[in-house]
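Everything on this sheet refers to the single structure shown next.
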2 protein chains.
Amino acid sequence: MPRKKQVRSEQTKQDILNAAGRLFAAKGYDAVTMREVAKEAGCSHTAIYIYFGDKEALLHELSIPALTELQLQIEEKVSGKLEPEEALRRISLDFIRFCLIHRNMHHIFFEARSIRVDEAEPELEINRVRNGMFRLLMQAVQQCLNLPEGSGRLLSATRIYFYLLHGIVGTYQLSEESAEDLMDRLLLTFREAIEVLLLGFRAQHAPDK
Amino acid sequence: MPRKKQVRSEQTKQDILNAAGRLFAAKGYDAVTMREVAKEAGCSHTAIYIYFGDKEALLHELSIPALTELQLQIEEKVSGKLEPEEALRRISLDFIRFCLIHRNMHHIFFEARSIRVDEAEPELEINRVRNGMFRLLMQAVQQCLNLPEGSGRLLSATRIYFYLLHGIVGTYQLSEESAEDLMDRLLLTFREAIEVLLLGFRAQHAPDK
DNA sequence: CAGATAAAGTAACCATTGGTTATTTAAAAA
DNA sequence: TTTTTAAATAACCAATGGTTACTTTATCTG
């Protein structure tokens, strides 16, 4: 079995991923060319095509570890010992922070385009992760509102909750401010937004009259 | 003064706008080439550059009449005789419907990029319209919540309201479904989302204890 | 009617980009 | 030593937005 070759190959792949990660984060996906990534990674651009097929696949592969980590964070809070509303609050902020940090991947998380129907394997890793995450969000909403699982009301409540999160991160997707600055400046607004939604849901399910 | 020349010139410009409108709506901004627009408009692609400068400027100019009409719709409801909450409800649905119909212009309304700082006139028509619209939204929120004008609470409430709208239209930005189908399928959810937010705001300003 | 004017077409061109395809080089494996 | 194989090199392709020089044609004006 080869060993040094394997290692070298793996190293090149990692170099590419690192370079792409840096560049995408710094300049945004669209503004980065494959030749640039190659230069930064210290390899030829053809090597990238050997390992990743095309540009979007590169971004794809790049996004999986980050997404998986987020999923873990959320999982902890869903199955943890927090009271449901507190869990939902924290999950929301985790999600927002994550999306602001990884703004360059925005379209991977939110645009249907990134679901590659032309793929050999229909169960693309990223879709598994994404679906898992949506299920987690729904679970968190369910525990908050005590709605029957699988009910239409739960689905629409989760949708509404998702709209808000989506709108928040979408609003700042192209902002020049760093994720940190945005969180500093707007954390209170984000909190308030979540709180208003929770209040609204509560009022909806326990009408005031 | 020339007359027939002027008319012809105007006609060409209109043909281009019409063609671009059709194509952008059908295939999306990115997927349409300038040569395509020219072909559809029955002119050469250089003519487009004469009239509009570049592709984005074409989309820009195309979006202004539509936006102005939306602004009118909203204005009516803000200054009309509806009770404030009903006005906000209708404005929200107007806004959502408009954004779903004009999905191809999504990035004009929501992406900072479309604010061209490199423009000779800093007061670009579209920015005037857009700012006017935001002021209207804030006014509608203000009349609902009775918050002092110019207060931080009003600003953050409007932001939250905007997040929700932004999230709703963003979620379906790339959907293949027609605006009509989406409205049919999701109108109740949209209404519920607005209702939840209103309930939440109300609960927030009149705490239940 | 004749010449000036301006709208628009034609066609060539440019740079950039994502992507592909030989062919070669060099190091590691057999 | 011979064979693999990772990877570089370099050339190429097609599409795209955008530009420019030159020409045609319809209209306006004297």
Side-chain angles (χ1 to χ4, degrees), chain A residues 1-20 23-24 26-62 104-105 107-108 111 113-114 116 118-120, chain B residues 1-20 23-24 26-62 104-105 107-108 111 113-114 116 118-120:
Chain A
M1 303 96 188
R3 244 189 38 243
K4 274 204 169 175
K5 271 187 188 172
Q6 212 177 15
V7 167
R8 185 190 172 199
S9 176
E10 195 56 40
Q11 184 58 48
T12 302
K13 199 174 172 185
Q14 280 308 315
D15 288 346
I16 294 169
L17 282 173
N18 290 338
L23 288 173
F24 288 169
K27 308 177 54 178
Y29 175 75
D30 286 329
V32 175
T33 73
M34 294 297 263
R35 264 83 168 172
E36 258 180 298
V37 174
K39 201 170 162 191
E40 176 86 7
C43 70
S44 68
H45 77 282
T46 50
I48 305 183
Y49 286 99
I50 290 171
Y51 284 112
F52 299 94
D54 65 20
K55 195 183 180 186
E56 200 174 322
L58 173 59
L59 182 60
H60 242 174
E61 194 148 334
L62 200 55
N104 53 306
M105 297 176 187
H107 76 271
I108 282 211
E111 292 183 11
R113 210 171 41 180
S114 64
R116 317 186 116 199
D118 61 316
E119 200 63 40
Chain B
M1 305 95 190
R3 244 189 36 246
K4 275 204 168 177
K5 269 184 190 173
Q6 208 176 19
V7 168
R8 187 192 172 199
S9 175
E10 195 56 40
Q11 184 59 48
T12 302
K13 198 174 173 184
Q14 278 309 313
D15 289 345
I16 294 170
L17 282 174
N18 290 337
L23 288 174
F24 288 169
K27 308 178 55 178
Y29 175 75
D30 287 330
V32 175
T33 72
M34 295 297 264
R35 265 83 169 173
E36 259 181 297
V37 174
K39 201 172 165 190
E40 175 89 6
C43 71
S44 68
H45 76 281
T46 51
I48 305 183
Y49 286 98
I50 291 170
Y51 284 113
F52 299 95
D54 65 19
K55 197 182 180 186
E56 200 173 322
L58 173 59
L59 182 59
H60 241 174
E61 193 146 336
L62 198 56
N104 53 306
M105 296 177 188
H107 77 271
I108 283 211
E111 293 184 10
R113 208 174 42 182
S114 63
R116 318 186 117 201
D118 60 316
E119 200 63 41

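Naming: A, B, ... by sequence-line order, numbering from 1 per chain. Keep in mind that what you see is a predicted model, and the values were worked out from it rather than measured. Quick note: numbers below take in every heavy atom, side chains included, and nothing from hydrogens, waters or symmetry partners.
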- Task: Kindly write out the residues that satisfy side chain to side chain donor-acceptor pair (under 3.5 Å) with A:R8, not counting sequence neighbours, or none if the list is empty.
- Result: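 In terms of side chain to side chain donor-acceptor pair (under 3.5 Å), with neighbours along the sequence ignored, A:R8 is linked to no residue.
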- B:T12 meets the side chain to side chain donor-acceptor pair (under 3.5 Å) criterion, sequence neighbours left out, with none
In whole Å, I'd like the distance from the [atom1] atom of [X] to the [atom2] atom of [N].
X     : N      : atom1 : atom2 : result
B:I48 : C:dA7  : CD1   : C1'   : 15 Å
A:K39 : D:dT9  : NZ    : P     : 13 Å
A:Q11 : C:dA27 : CD    : C1'   : 16 Å
A:I50 : C:dT20 : CD1   : P     : 12 Å
B:D15 : C:dG9  : CG    : C1'   : 15 Å

- Query: With sequence neighbours excluded, what pairs up with B:Y29 under the ring pair (Phe, Tyr, Trp, His ring centres under 6.0 Å) test?
  - Reply: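 So B:Y29 forms a ring pair (Phe, Tyr, Trp, His ring centres under 6.0 Å) with B:F24, B:H107.
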- Partners of B:F52 by ring pair (Phe, Tyr, Trp, His ring centres under 6.0 Å), sequence neighbours excluded?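 Not a single residue meets the ring pair (Phe, Tyr, Trp, His ring centres under 6.0 Å) criterion with B:F52.
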- A:L62 CG to A:E56 CD distance, which is reported to the nearest 0.5 Å: 12.5 Å
- Query: Just by protein heavy atoms under 4.0 Å, how would nucleotides 16-25 of chain D read 5' to 3' in B, S and -?
  - Reply: SBBBB-----
- Message: A:K27: which residues meet the salt bridge (Lys or Arg N to Asp or Glu O under 4.0 Å) condition with it, sequence neighbours left out?
- Response: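 Scan of A:K27 (salt bridge (Lys or Arg N to Asp or Glu O under 4.0 Å), adjacent residues dropped) gives A:E36.
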- Query: Across the strands shown, which category fits A:S9 at heavy-atom distances under 4.0 angstrom: base, sugar-phosphate, nothing?
  - Reply: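 Sugar-phosphate contact only.
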